[in-house]
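What follows is a short report on a single structure.
All of these numbers come straight from a predicted model, not from anything done at the bench.
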Amino acid sequence: MPKQKPVKALVKRVRVTRTGKVMAKGAGGRHKRVRKSAVQKRRLSKIRPLEGAAVKQIRQGLGLV
């Protein structure tokens, strides 16, 4: 059985740490930034770990399962 190819769009959006956590940026950081507070913009700019059922699907899409 051949290896599963990773989804290229997913590779560009997430990264996996050495411990196996899936990290990604939060949504809402690009649109209407003038109306958002400095605290909100700073929080949205950070990369955060993803949780829940989506992590399993993302790892599968990256070819790590």
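Listed here is the closest heavy atom pair of Q4 and Q60: NE2-O, 3.2 Å.
V16 pairs by the side-chain contact (heavy atoms from CB on, under 4.5 Å) definition with V22, R59, L62, L64, not counting sequence neighbours. Annotation: side-chain contact (heavy atoms from CB on, under 4.5 Å) contacts of K41 (sequence neighbours excluded): R33, K36. Partners of S45 according to the side-chain contact (heavy atoms from CB on, under 4.5 Å) rule, which considers only residues two or more places apart in sequence or in another chain, do not exist here. Considering only residues two or more places apart in sequence or on other chains, V34 meets the side-chain contact (heavy atoms from CB on, under 4.5 Å) condition with none of them. Shown here are the side-chain hydrogen bond (donor to acceptor under 3.5 Å, both in side chains) partners of S37, two or more places apart in sequence or in another chain: there are none.
Following chains of ILVMFWY side-chain contacts shorter than 4.5 Å, one cannot reach L50 starting from L44, and the two form parts of different hydrophobic clusters.
The side-chain hydrogen bond (donor to acceptor under 3.5 Å, both in side chains) pairs that include a residue from residues 8-27 are T17-T19, where partners are two or more places apart or lie in different chains.
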